[in-house]
Every structure is written in C-alpha cells, then in structure tokens.
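The structure under discussion appears below in the form of structure tokens.
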Amino acid sequence: MPYSNPPEPRQYADRVCEIVRAIPSGRVMSYGQLARLIPPPVGVEPDSYLRLSPRWVGAAMANAPDDVPWQRVINSQGKISSRPGFGVVVQRKLLEQEGVVFDARERVDLSRYGWQPEAAWLRERGLLAWEDDTPRQATLF
DNA sequence: GTTGTGACATCGC
DNA sequence: CGCGATGCCACAA
C-alpha cells in the first residue's frame with residue numbers, strides 16, 4: 001500500500017487543516033472527499049493522487065494543531081477510522097456532542113451529516129470545485 | 001541495514 | 001451489502 005508523502009508535507013497539511021477548520025460543528029467530511037478538493041501537487045499524477053491523497057489527509061489530521069476539529073473527518077463509509085493509541089470512543093463522543101447521530105453499525109449518514117464547502121469559498125483558495133470531481137494539475141507546490 | 005506499521009478508497013466477488 | 005485484495009511508500013526504532 002502506497003503510504004508515500006506529498007512533495008511538501010507541511011504545506012499540504014496546512015491546506016487540509018484550512019478546510020477542516022471550515023467544517024461546521026455537527027457536520028463531517030471524508031478523507032477522500034477532503035483530498036479531492038486539493039489539487040494534485042506538481043509532479044503527482046492525478047491517478048496517483050487519487051490513490052495516495054486520502055492517506056495524506058489522515059497524516060495531516062494525525063499532526064493537526066489543537067484548533068483543528070479533527071473529529072469531523074471520518075472515512076468514506078461514514079465510520080470512524082481507528083488510530084493506534086486513540087480509540088474511536090473519544091471521537092464518537094465529540095461528534096455526538098455536536099449532534100451527530102450514529103446508527104447501530106457505528107455509522108454516520110453522510111447524506112445527512114456530510115458537508116461540502118461552497119464553490120466560492122473553494123475558488124478563493126485555489127481549491128477544486130468541479131462537478132466531475134476530477135483532480136487536476138493546478139497548483140504550484 | 002532491517003523491520004514494523006500507518007486517521008484510506010475503490011473494485012471485484 | 002460485506003469481505004478481501006490492491007496500492008508497492010516513508011520513517012522511526
């Protein structure tokens with residue numbers, strides 16, 4: 001499994017955190033969804049980017065500053081991804097305090113709690129907001 | 001130099 | 001719908 005890092009990990013993480021900070025309380029985004037808003041760094045092929053970037057987002061969350069609502073990032077199945085030394089219990093509790101409801105299978109209904117930034121907000125920051133959701137070569141990292 | 005192991009998504013059964 | 005395989009890397013100890 002490709003666990004490579006982005007060309008400029010810090011810069012990439014900053015972009016990720018900027019988006020996560022914008023997620024409203026009580027809403028969630030998936031790692032992949034988040035990644036697809038950020039254009040592939042120069043030198044990274046779009047298909048490689050699709051394959052690798054969700055992990056990069058995860059890595060960014062692992063080292064996120066305290067002001068980043070990391071609990072609002074979950075996986076594409078609507079479930080909390082467990083990490084070593086930090087059970088899913090804490091994250092679930094934080095989300096429930098924000099009003100997020102989990103079903104019997106520990107899943108969140110993404111069609112209900114999923115969130116996506118406004119197109120204008122994304123444009124201002126050089127992020128992607130195309131309908132086809134295809135990552136493009138667009139940024140200078 | 002080796003080894004272990006990561007906050008994922010997608011596709012085929 | 002669930003489960004397993006795939007991707008084939010970087011970095012700390």
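In what follows, chains carry the letters A, B, and so on, assigned in the order in which the sequence lines appear, proteins first and then strands, with residues in each chain numbered from 1.
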Notebook entry, point to check: A:Tyr12 OH to B:dC8 P: how many Å, rounded?
Noted result: 13 Å

Item checked: Whole-Å distance separating the CG atom of A:Leu52 from the C1' atom of C:dG7 -> 8 Å

Margin query: Could you check whether A:Arg123 pairs with A:Glu118 (Lys NZ or Arg NE/NH1/NH2 to Asp/Glu carboxylate O, under 4.0 Å)?
Written below: no

Item checked: N-O pairing of A:Glu98 and A:Arg27 below 4.0 Å -> no

Next item on the list: Just call it for A:Ser82: base, sugar-phosphate, or nothing, with non-hydrogen atoms closer than 4.0 Å on any strand.
Entry: sugar-phosphate

Validation: residues 82-90 of chain A side-chain donor-acceptor distances under 3.5 Å, sequence neighbours left out:
{"from": "A:Arg83", "atom 1": "NH1", "to": "A:Ser81", "atom 2": "O", "distance (Å)": "3.4"}
{"from": "A:Arg83", "atom 1": "NH1", "to": "A:Gln91", "atom 2": "OE1", "distance (Å)": "3.2"}
{"from": "A:Arg83", "atom 1": "NH2", "to": "A:Gln91", "atom 2": "OE1", "distance (Å)": "3.4"}

Note to self: With side chain to side chain contact (heavy atoms under 4.5 Å, CB included) as the test, pick out the partner of A:Val100 among A:Val108, A:Asp109, A:Ile74, A:Leu94.
What the structure shows: A:Val108

Next item on the list: Please name all residues satisfying side chain to side chain contact (heavy atoms under 4.5 Å, CB included) with A:Ala64, sequence neighbours left out, ordered by chain then number.
Entry: A:Cys17, A:Met61, A:Val68

Where do N or O atoms of nucleotides 3-5 of chain B meet protein N or O atoms at under 3.5 Å, pair by pair?
none

Check: Going by heavy atoms closer than 4.0 Å, what residues in residues 96-107 of chain A are next to DNA chain C?
Finding: A:Arg105, A:Arg107

Polar atom pairs between nucleotides 11-13 of chain C and protein, under 3.5 Å, N or O only, would you list them?
none

At a cut-off of 3.5 Å, list every protein nitrogen or oxygen paired with a nitrogen or oxygen from nucleotides 9-13 of chain B, distance to 0.1 Å.
{"from": "B:dA9", "atom 1": "OP1", "to": "A:Tyr31", "atom 2": "N", "distance (Å)": "3.1"}
{"from": "B:dA9", "atom 1": "OP1", "to": "A:Gly32", "atom 2": "N", "distance (Å)": "2.6"}
{"from": "B:dA9", "atom 1": "OP2", "to": "A:Ser76", "atom 2": "N", "distance (Å)": "2.8"}

